[in-house]
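Values below: every heavy atom of this structure, side chains too, minus hydrogens, waters and symmetry copies.
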Amino acid sequence: MKASEIRELGTEEIQHKISELKETLFNLRFQHEVGQLENPKKIGQTKKDIARLKTVLNAKNQPQEED
């Protein structure tokens, strides 16, 4: 998911995506421990997506400063 795509989403949609990705991350970690995870890179990618979503969400919530 690209940052430009995330910026187009609303605040509630971003929060919903974050909760979905956290659940996905939990499932991926569980699969990794059990030995059923086929692509371990998905864990890292999911973490990066969550961080990207949180970054855009924080940027939207901060008031814009004028010079």
CD of Glu23 to CG of Leu21: how many Å apart, nearest 0.5 Å?
10.0 Å
Quick one: do the Glu12 and His16 side chains pair a donor with an acceptor below 3.5 Å?
no
Value rounded to 0.5 Å, distance of CD1 in Ile6 from CG in Leu57:
10.0 Å
Contact check, side chains of Leu9 and Val56, non-hydrogen atoms, under 4.5 Å:
no
Can you measure from OG1 (Thr55) to CD1 (Ile50) and round to the nearest 0.5 angstrom?
11.5 Å
Find out whether Ile14 and Lys60 are in side-chain contact, i.e. whether some heavy atom of one side chain is under 4.5 Å from a heavy atom of the other.
yes
In Å, rounded to the nearest 0.5 Å, how long is the span from NZ of Lys22 to CG of Leu53?
10.5 Å
When rounded to the nearest 0.5 angstrom, what distance separates CZ in Arg52 from NZ in Lys17?
12.5 Å
Quick one: NZ on Lys47 to CG on Leu28, what's the gap to the nearest 0.5 Å?
10.5 Å
